[in-house]
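Below: the structure, in C-alpha cells.
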Amino acid sequence: MKRTIFFIACLSLLAVCLTSCGSTDNLRTIQLTGSSSNLQGIGATIQLQAQGTYAYGPNRDLTNLVTYTIIVDPDSNLGLGAGGTLVTLPTPPQTAMVSVTGLVTAVDPAVCAWVDVGTATTPAWATTGDYEVTATYRGITSQPFFVAVASAAGPSGPPANGQCGPAAAQ
C-alpha cells in the first residue's frame, strides 16, 4: 500500500514537471521604457529598456534579447498638406530607426512632430506625430512606447524662435 501511494505521488510530481516543459519560461509581460520620449536633433538617441516579468522568479532585463518594431503611430499626423491631405511622419527607417540593442536614433530626413500652440511670448508645445515602438520576445509583445521627433527646426517666428519641441528641461 505504501509503495502504491509513493508511486502515485512520484507520477503526479513527474506530470506537474512535464506540463511546464516547452513553455516560454513563464514570461508574463514585457515593460518597455526609454531614457526620453523625444528625439531632439539629427543623431539624437533614446535608449530603450525591455524588462520581462515572469510568473516565477525575479524580473529580467530583455533589452538585448527582444525584437524591436518601429512604426508610425496610426493616430499621428503632422497637419494638412497640399489639397487638404494629412501629412504623416515618414516610415522608418526614415527620420527614426531602432537598433537591435534598443537604441532609437534620429536620422535624415529631419522632421518636426511638435507644434507651438502657445502665445506670442510663452511657447506651449503639443506633439502632432510620433512613432510607436514595441518589443517582442517568445511570442509576448510589450505595450507601445511612443517617440516624438524634433530633429528639424520649427517655425522661425516667435515664440518658437527656430525651436522644434520643448527644451530638455521642460
Side-chain angles (χ1 to χ4, degrees), residues 20 22-79 81 86-118 122-156 159-170:
S20 64
S23 70
T24 60
D25 296 330
N26 296 309
L27 177 63
R28 297 295 184 220
T29 62
I30 299 172
Q31 180 69 31
L32 190 59
T33 58
S35 58
S36 173
S37 61
N38 190 19
L39 286 170
Q40 293 180 306
I42 297 294
T45 59
I46 295 173
Q47 180 61 58
L48 299 176
Q49 182 181 23
Q51 189 77 4
T53 301
Y54 288 80
Y56 306 105
N59 291 349
R60 294 185 208 161
D61 183 3
L62 303 176
T63 302
N64 294 325
L65 300 174
V66 298
T67 301
Y68 295 96
T69 304
I70 183 169
I71 63 169
V72 175
D73 179 356
D75 296 325
S76 104
N77 64 68
L78 300 179
L86 288 178
V87 177
T88 62
L89 290 170
T91 304
Q94 296 183 65
T95 303
M97 58 186 232
V98 62
S99 73
V100 296
T101 61
L103 190 66
V104 182
T105 306
V107 295
D108 275 328
V111 69
C112 185
W114 291 89
V115 62
D116 185 359
V117 294
T122 307
W125 296 101
T127 183
T128 60
D130 54 17
Y131 289 106
E132 182 179 305
V133 183
T134 55
T136 304
Y137 182 68
R138 296 189 175 180
I140 306 292
T141 301
S142 71
Q143 88 293 351
F145 182 83
F146 297 97
V147 177
V149 183
S151 58
S156 59
N161 296 324
Q163 299 300 312
C164 174
Q170 288 180 331

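No hydrogens, no waters, no symmetry mates; every other heavy atom, side chains included, goes into these values. Along the sequence shown, residues carry numbers from 1.
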>> Walk me through whether Asn38 and Val147 qualify under side-chain contact (heavy atoms from CB on, under 4.5 Å).
In response: CA-CA 6 Å; Asn38 190 19; Val147 177; over 6 Å; no

Closest heavy-atom pair and its distance - [X], [Y]:
X	Y	answer
Ser99	Tyr68	O-CD1, 3.6 Å
Ala96	Val107	N-CG2, 3.9 Å
Gln40	Ala44	O-CB, 3.1 Å
Leu32	Val133	CD2-O, 3.5 Å
Ala106	Ser151	CB-CB, 4.2 Å

>> Between Phe145 and Val104, does the side-chain contact (heavy atoms from CB on, under 4.5 Å) criterion hold? Intermediate values first, please.
In response: CA-CA 11 Å; Phe145 182 83; Val104 182; over 6 Å; no

Under 3.5 Å, side chain of [X] to main-chain N/O of [Y], donor-acceptor pair present?
X	Y	value
Ser35	Gln47	yes
Thr105	Gly43	no
Thr134	Ser142	no
Thr63	Ala50	yes
Ser36	Ile46	no

Is there a side-chain contact between [X] and [Y] (heavy atoms, below 4.5 Å)?
X	Y	result
Tyr131	Pro92	yes
Ile30	Leu62	yes
Val100	Asn64	no

> Got a second to check how far Thr33's OG1 is from Gln143's CD, nearest 0.5 Å?
Replying inline: 8.0 Å

> Just how far is it from atom CG of Leu27 to atom CZ of Arg138, taken to the nearest 0.5 Å?
Replying inline: 8.5 Å

> Is there a side-chain contact (heavy atoms from CB on, under 4.5 Å) between Asp61 and Gln51 once you walk through the steps?
Replying inline: CA-CA 5 Å; Asp61 183 3; Gln51 189 77 4; 4.2 Å; yes

>> Using the rule side chain to side chain contact (heavy atoms under 4.5 Å, CB included), only one of Leu103, Leu48, Thr69 pairs with Val98; which is it?
In response: Leu48

> So, is the end of the Arg28 side chain (NZ or CZ) under 6.0 Å from the ring centre of Tyr54 and within 45° of the ring's axis?
Replying inline: no

>> Walk me through whether Thr67 and Thr136 qualify under side chain to side chain donor-acceptor pair (under 3.5 Å).
In response: CA-CA 5 Å; Thr67 301; Thr136 304; over 6 Å; no

>> Under the criterion side-chain contact (heavy atoms from CB on, under 4.5 Å), I'd like the reasoning laid out for Asp130 against Val149: C-alpha separation, chi angles, the key distance, then a yes or no.
In response: CA-CA 7 Å; Asp130 54 17; Val149 183; over 6 Å; no

